[in-house]
Every structure is written in structure tokens, then in C-alpha cells.
Amino acid sequence: MSELTLSTYKSLLRSLVRSAKHNKIQQLQQDTKKQIALLTYNRIQLVRQQQEKGLDAMARSKVLKQLSAVGKKIEILKTKDPLKSKELLFYSHSKHLKDIVLSLKDDPRSLQHLKDIAAFVVNQSEYEQLIERYNPGLKMSQEEKVQKTANKVGLQVPE
Amino acid sequence: MFRSVFRAAPSLTRVSGLRSGFVKPTFSSASRFYASSSLSKEEITTRIADVIKSFDKTASATSITANTQFSKDLGLDSLDTVELLVSIEEEFDIEFPDKVADELKSVGETVEYIASSPEAN
């Protein structure tokens, strides 16, 4: 394998992994939030079942077991740190990328082009980060915006 | 009206003067946390092993030691090795220079390099 092929593949992968990281973290956070919400709903349902009258001992113990299992799951999800996820370290479509690079391995011009694409991806994601950093209002929710504006003039939004 | 303030002032300075006499500067004994590479080699090895395990192209799920070779033991071709190295770079937040990356053929060598680079975390 020629040096250029390897370094092209490397810079492409590196740029894609890095630029996807930010979004992946957010997605993972949202996913865990959703799962926690679903489990909390399950728990509420179970508690309701438990409080029903006319439940025999067998069913009651079963519900209790399910309750503790759900509680454990919620705890695990809450302690999970999306930043530690190994998913962030890999690019999910690397096989496709590998095929592309291999098909172009005798064509230094195209490889150089791929390298340029990698550089573009890096710069574009950096540009997006800067835009976000200099315009913090862009990704705030409406609620957050109202709250911060109120704080700015010395008021507080009622809870 | 201001008498109380004036009276309070000299006593304050006296107190602070006393204090500076007694209190020894403690910051000199504080440990410095930014010393080079705080990672132990075992920790690096386990983290690399975790990365390799979550890499879906590895051939065998055998235990990973310092002697594990990327191409022989894990069955990776050169492009896959590059991919794995990129993942390891991301895990430790460093960047292998191209020359170094070509030399890294086994887990042990990678651990050595990471342990010697101060930015790794």
C-alpha cells in the first residue's frame, strides 16, 4: 500500500471522526434522556398497578421485582457518561470509505482530492464551532432565551 | 459620624499584620498536577484493549496484551490498522505523527509512545 493512500485514508477518517463527535455526543445525550423518560413512565405505571386493590400476593411480588429492575436500569442510564462512549471513536461507514480509497489507489490526483476534502471537513466543522461560540443564542431553546434575558435585567422567570 | 470607621481601621491593620506573621505560605508544598503524563502503563493498556474490543473488524476476541500485533494477531490490513490508530488517537486526545504511526505495529509500542507523550489524557 502506498504511503499516499494510507495518509489519505488516515486524514479522511480523522476529520470525519472529529467532526462527527460533537453531534454524536448530543445525540447520545438525547437518546439517554428519552430512554430515561420511557423508563420513568414504566415505573409510574407499575406503581399504579401496585396500588390497585384486590391484587394477590403473587402478582404483587412480581410487580415489586419489575419495579426494582426498572429503578436499577434508570440508575445505570443516569450514571452513563456519553463522553466515554467508544462509539465516538469510530466512523460508522468506514468500509465504504475503504472501498473508495482502494479503488483510487493508483490515482494520486484523486487521492490528493480526497485529502483536500478531509481538510475541508475539518475547517468547516471548526467554522461551525466558532459560529456557535460567537452566537450563543443560536442553539438555545426559547425558554432558555427568555430566562437569560430576564436575568440580564435583574428579573427572574417565575417557576 | 466616621469615628467608628477610623477607629476600626488601625485595629484591622494590626490584625492583618499579626496574621501575616503567623501564617506560613502553604502553596509551596502543594503538588503540581500538570506534571508529564499521569497515565500509568496498565491504564493505557486497558483503555487500548477497550478500544480494540469495540472495533468491529478485529478477527479474534482473544485477550489483548502488550505483545499483540495489529496485523498478525488481530488480522487487520494496513488500512484497518490506520483506522484503529485514529481511534486510539481520539481516545487519548493526541495525534500520532505520520512517521511514528508507520512504526507502530503492536499494542506494546503504542502504549510506549502514549506513555512518553505528555499531552495524552
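Note on naming: letters A, B, ... go to the chains in the order of the sequence lines (proteins, then strands), and numbering restarts at 1 for each one.
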- Item | Audit row: A:Phe90, B:Val51, side-chain contact (heavy atoms from CB on, under 4.5 Å) steps and yes/no | CA-CA 9 Å; A:Phe90 297 101; B:Val51 174; 3.9 Å; yes
- Message: Would A:Val17 and B:Ser87 count as a side-chain contact (heavy atoms from CB on, under 4.5 Å) here? Give the steps.
- Response: CA-CA 8 Å; A:Val17 168; B:Ser87 303; 5.9 Å; no
- Query: For B:Asp50 and A:Lys86, what are the C-alpha separation, side-chain angles and deciding distance, and is it a side-chain contact (heavy atoms from CB on, under 4.5 Å)?
  - Reply: CA-CA 8 Å; B:Asp50 284 346; A:Lys86 293 281 178 275; 3.5 Å; yes
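Note on A:Tyr41 and A:Val47: separate hydrophobic clusters, where clusters join Ile, Leu, Val, Met, Phe, Trp and Tyr whose side-chain heavy atoms are under 4.5 Å apart, directly or indirectly. Hydrophobic clustering (side-chain heavy atoms under 4.5 Å, transitive across Ile, Leu, Val, Met, Phe, Trp, Tyr) groups A:Ile100 together with A:Leu111. Cluster annotation: A:Leu104 is connected to B:Leu79 through the hydrophobic network of ILVMFWY side chains, with a link wherever side-chain heavy atoms come within less than 4.5 Å. The hydrophobic clustering, which links ILVMFWY residues whose side-chain heavy atoms are closer than 4.5 Å, places A:Leu38 and A:Ile44 apart. There is no path of hydrophobic side-chain contacts, each under 4.5 Å, that joins A:Leu88 to B:Phe55.
Using a 4.5 Å cut-off between non-hydrogen atoms, no part of residues 118-126 of chain A approaches chain B. Residue-level contacts of residues 148-159 of chain A with chain B do not occur; threshold 4.5 Å between heavy atoms.
Going from atom CG of A:Leu6 over to atom OG1 of B:Thr81 covers 8.5 Å, rounded to the nearest 0.5 Å. Summarising the geometry, atom CZ belonging to B:Arg47 is positioned 8.0 Å from atom NZ belonging to A:Lys84; distances are rounded to the nearest 0.5 Å. Taken from NZ in A:Lys10 to CD in B:Glu89, the straight-line distance is 5.0 Å, to the nearest 0.5 Å. From A:Leu13, atom CG reaches atom CG of B:Leu84 across 11.0 Å, with rounding to the nearest 0.5 Å.
Salt-bridge annotation for A:Lys98 and B:Glu83: absent, with no side-chain N of the basic residue lying under 4.0 Å from a carboxylate O of the acidic one.
Minimum heavy-atom separation, A:Tyr9 to B:Val82: CD2-CG1, 4.1 Å.
Counting heavy-atom neighbours within 6.0 Å of A:Lys145 NZ, excluding the residue itself, gives a total above 12. Around the NZ atom of A:Lys115, the shell of radius 6.0 Å holds more than 12 heavy atoms that belong to other residues, nucleotides or ligands.
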